[in-house]
Q: 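One structure, as structure tokens, below. Some questions next.
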Amino acid sequence: MDTLDLINLAREAKNKAYCPYSHFAVGAALLSKQGGAYTGANVENASYGLTLCAERAAIIKAVNAGDLELDTICLSGSGEGYTYPCGACLQVMAEFAPALKVVVTDGQGNYREHRLQELLPWQFQWNVEE
Ligand code: THU
């Protein structure tokens with residue numbers, strides 16, 4: 001599965017978003033090092049703070065499948081501009097893959113590739129020996 005395949009999966013996943021409050025749909029597609037693919041979309045709640053982001057939905061699927069070594073995550077949002085992961089999702093990514101490849105897309109079919117360390121330098125870890 002290459003980057004363009006993953007982008008297509010993220011775009012498709014966006015159609016499953018439950019976002020009646022913000023009307024901003026996000027789809028995520030995650031590729032594991034073993035080649036597993038997992039998708040997620042945001043799920044909002046009337047109590048807004050309980051909203052689950054697309055990235056975390058996809059990561060939780062992979063982890064619950066026992067597929068913990070993550071390679072790349074791709075995001076597709078319903079806006080015109082690039083959709084970047086929120087800070088909470090960056091921290092959840094860091095838990096499993098400090099060097100995860102993060103691909104963000106915009107509404108015109110463009111994409112950018114980053115590494116998690118660029119987006120979240122100095123990641124919080126409490127149990128790592130220096
Ligand atoms: N959202 C995500 O799914 N991922 C992010 O990284 C940022 C925000 C969702 C949450 C909410 O349903 C909508 O986008 C607007 O904030």
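Counting convention: from 1, in listed order, for ligands and their atoms alike.
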Q: Taking only heavy atoms of Glu44, which atoms of ligand 1 are found under 4.0 Å from at least one of them?
A: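 By the 4.0 Å cutoff, the relevant atoms are 11 (C), 12 (O), 13 (C).
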Q: Provide the closest heavy-atom pair for Ala28 versus Ala13 in the form atom of the first, atom of the second, distance.
A: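 Taking Ala28 first and Ala13 second, the nearest heavy atoms are O-CB, 4.0 Å.
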Q: Please list, in number order, the atoms of ligand 1 under 4.0 Å from a heavy atom of Pro85.
A: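 Atoms satisfying the 4.0 Å criterion: 6 (O).
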Q: Under 3.5 Å between some N or O of ligand 1 and some N or O of Cys86?
A: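 It does: an N or O of Cys86 is found under 3.5 Å from an N or O of ligand 1.
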Q: I'd like to check Leu116 versus Leu90 (side-chain heavy atoms, cut-off strictly below 4.5 Å). Are they in contact?
A: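 Side chain of Leu116 against side chain of Leu90, heavy atoms only: contact under 4.5 Å found.
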Q: Looking only at protein heavy atoms, which one is nearest to atom 15 (C) of ligand 1, and how far off is it?
A: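 Heavy-atom neighbour on the protein nearest atom 15 (C) of ligand 1: Ser22 OG, 3.6 Å.
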Q: Hydrogens and angles aside, do Thr39 and Glu12 bring a side-chain donor and acceptor to less than 3.5 Å of each other?
A: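 Result is no, nothing qualifies.
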Q: Test side chain to side chain contact (heavy atoms under 4.5 Å, CB included) on Glu113 and Thr72; report intermediate values, then the result.
A: CA-CA 10 Å; Glu113 296 185 1; Thr72 307; over 6 Å; no
Q: Which residue and non-hydrogen atom of the protein lie closest to atom 10 (C) of ligand 1, and at what distance in Å?
A: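 The closest heavy atom on the protein side is Thr51 CG2, 3.7 Å.
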Q: Test side chain to side chain contact (heavy atoms under 4.5 Å, CB included) on Leu100 and Asp71; report intermediate values, then the result.
A: CA-CA 6 Å; Leu100 186 68; Asp71 186 79; 5.6 Å; no
Q: Can you pull out the closest protein heavy atom to atom 1 (N) of ligand 1? Residue, atom name and distance to 0.1 Å, please.
A: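 Protein heavy atom with the smallest distance to atom 1 (N) of ligand 1: Cys53 SG, 3.7 Å.
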Q: Tell me whether ligand 1 is touched by Cys19 - counting only heavy atoms on the residue side and a distance under 4.0 Å.
A: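 Heavy atoms of Cys19 never come under 4.0 Å of ligand 1.
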Q: Could you tell me whether Glu55 and ligand 1 have an N or O pair separated by under 3.5 Å?
A: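 Yes; at least one N/O pair falls below 3.5 Å.
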Q: Would you say the side-chain atoms of Glu80 and Gln108 include a donor-acceptor pair closer than 3.5 Å?
A: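 Short answer, yes.
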Q: Side-chain donor-acceptor pair under 3.5 Å between Tyr38 and Asp67, yes or no?
A: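 Per modelled atom types, Tyr38 and Asp67 side chains form a pair under 3.5 Å.
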Q: Students should be able to answer this: which protein heavy-atom is nearest to atom 9 (C) of ligand 1, and at what distance?
A: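 Heavy-atom neighbour on the protein nearest atom 9 (C) of ligand 1: Asn42 ND2, 3.6 Å.
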Q: Starting from atom 3 (O) of ligand 1, which protein heavy atom do you reach first, and at what distance in Å?
A: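 Looking at atom 3 (O) of ligand 1, the protein heavy atom closest to it is Ala54 N, 3.0 Å.
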